[in-house]
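What follows is one structure encoded as structure tokens, with my remarks underneath.
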Amino acid sequence: MENEHTITANPAPQNNFPPLPKVPYHVGIIMDGNGRWAKQRGMPRTLGHRAGAENLRNIIESTVEFGVKILTIYAFSTENWKRPKTEVKGLMSLLHYYFNRELDELLKNGVRVRHLGKMDGVAPRTKKEILQAVEKTAHNDRLILNVAFNYGGRAEIVQAIQKIVAANIPPEEITEDTVSRFLYTAGQPDPDLIIRTSGEFRTSNFLTWQAAYAEYYITPILWPDFDKQAYYDALRTFSQRKRRFGGLNDEEDIEDDA
Ligand code: IPE
Ligand code: IPE
Ligand code: MG
């Protein structure tokens, strides 16, 4: 729901971009289109993923500049294991490469890394790397970067149910808030805006519970080409949306039934 967390009170100046009247507190990005980006250039898909990872640095920087406080990026889904072995391997080593190269930058920028997803099936080296990034950045508070890696929205709900049952919580005490507390995003406000690149109109199992009232923004731009201007355009569109959360929020919409 819209609460004191939803919109930053004093959005940071957005450099050469005109200030936005409101900025989402939590943005989710489905970083899609790396494969098509590579194909268009006659390159292997893995190079598309590499270009996508390169793009992240700028987008993270812009996220801080625009005043967004939580960024959740969809890096690898529980369904992405279905891809050819070589591609899966490439994506795993990309995570390794990314953290090796970017950890200092993340630390410098005050970014706190969190992991959303399962560790089952993740190679020990990758697991170690994720945990290290989470641990080393734990003191940062400028931006929370949730990395959804081996993440599935349904799997997340299933593990929440398992934990609720294991905690012996009586059924009548289980509320929406209880479920939220057992998700990977426990303690964080729900996403306000979900951006999907590459023009697909689907959620692909991303933040299934949390995005119930998120605004969606879909752009045909492929992820490696999604730059600061494109990001700003998404935020500007968001700032013009009227969120109702099932109610009415405009004086003129509310008829006088007196
Ligand atoms: C998104 O790009 C990255 C991951 C899913 C890991 P894709 O690899 O899905 O690119 P397209 O959709 O095939 O173009
Ligand atoms: C969603 O993209 C997952 C990530 C971006 C990590 P996909 O490319 O896997 O989604 P589908 O298969 O087109 O639904
Ligand atoms: Mg895709």
Residues Tyr231 and Thr63: side-chain donor-acceptor under 3.5 angstrom: yes
Min side-chain heavy-atom separation Met119-Ile130 under 4.5 Å: yes
Cluster check Met31, Val68: I/L/V/M/F/W/Y, side chain < 4.5 angstrom: yes
Leu116 with Ile70, same ILVMFWY side-chain cluster at under 4.5 Å: no
Interatomic distance, Glu87 atom CD to Leu94 atom CG [nearest 0.5 angstrom]: 11.0 Å
Partner of Leu47 by side chain to side chain contact (heavy atoms under 4.5 Å, CB included), out of His49, Arg45, Met43: Met43
Positive for side chain to side chain contact (heavy atoms under 4.5 Å, CB included) with Thr197, one of Trp37, Tyr217, Phe226: Phe226
Side chains of Lys118 and Tyr184 in contact at under 4.5 Å (non-hydrogen atoms): yes
Donor-acceptor pair, side chain of Arg196 and main chain of Phe201, under 3.5 angstrom: no
Side-chain (Asp225) to main-chain (Ile221) donor-acceptor, under 3.5 angstrom: no
Co-membership, hydrophobic cluster, residues Ile29 and Leu91, 4.5 Å side-chain: yes
Gln210 and Glu156 side chains, donor-acceptor separation under 3.5 Å: yes
Short side-chain to backbone donor-acceptor contact, Asn34 and Trp223, under 3.5 Å: no
Shortest non-hydrogen contact from Asn205 toward Gly152: ND2-CA, 3.5 Å
Check: Val113 main-chain N/O paired with Thr137 side-chain donor or acceptor under 3.5 Å: yes
Spacing of NZ belonging to Lys108 relative to CD belonging to Glu105, to within rounding of 0.5 Å: 4.0 Å
Side chain proximity check, Leu103 to Gln132, heavy atoms < 4.5 angstrom: no
Side-chain heavy atoms of Leu95 within contact of Phe76, under 4.5 Å: no
Geometric class of the Phe66/Tyr232 ring pair [parallel <30°, tilted 30-60°, perpendicular >60°]: tilted
Parallel, tilted or perpendicular: ring planes of Phe206 versus Tyr151, cut at 30 and 60 degrees: perpendicular
Audit row: Tyr98, Arg57, side-chain contact (heavy atoms from CB on, under 4.5 Å) steps and yes/no: CA-CA 10 Å; Tyr98 181 78; Arg57 177 187 275 209; 5.6 Å; no
Donor-acceptor contact present, side-chain Asn150 to main-chain Gly117, <3.5 Å: no
Flag if over 12 foreign heavy atoms under 6.0 Å of CZ, Arg241: yes
Check: Arg36 side chain, Ser198 main-chain N or O, donor-acceptor pair, under 3.5 Å: yes
Phe238 with Ile218, same ILVMFWY side-chain cluster at under 4.5 Å: no
Under 3.5 Å: donor-acceptor pair, side chain of Asn80, backbone of Ser77: yes
Shared hydrophobic cluster, Ile73 / Val122 (ILVMFWY, side-chain heavy atoms < 4.5 Å): yes
pair Leu207-Ile194: side-chain heavy atoms closer than 4.5 Å: yes
Flag for Gln159-Lys163: side-chain donor and acceptor within less than 3.5 Å: yes
Atom pair CD1 (Ile144) and OG1 (Thr72), whose distance is rounded to the nearest 0.5 Å: 9.0 Å
Worked verdict on Phe182 versus Ile169 for side-chain contact (heavy atoms from CB on, under 4.5 Å): CA-CA 12 Å; Phe182 283 90; Ile169 301 179; 3.8 Å; yes
Check: Arg114 main-chain N/O paired with Asn146 side-chain donor or acceptor under 3.5 Å: no
Euclidean distance, Ile60 CD1 relative to Glu102 CD, rounded to 0.5 Å: 7.0 Å
Whether over 12 other heavy atoms sit under 6.0 Å from Gln240 CD: yes
Side chains of Trp209 and Asp190, donor plus acceptor under 3.5 Å: no
Distance (rounded to the nearest 0.5 Å) between Ile195 CD1 and Asp32 CG: 13.5 Å
Expected output: side-chain His115 to main-chain Leu131 donor-acceptor under 3.5 Å: no
Smallest separation among heavy atoms of Tyr74 and Thr203, with atom names: CE2-O, 4.4 Å
Pairing of Glu79 and Arg154 as salt bridge, 4.0 angstrom limit: no
Backbone of Pro18 reached by a side-chain donor or acceptor of Arg236 within 3.5 Å: no
Inter-residue atom distance Thr237.OG1 - Asp233.CG, 0.5 Å rounding: 6.5 Å
Smallest separation among heavy atoms of Phe245 and Tyr213, with atom names: CA-CE2, 3.5 Å
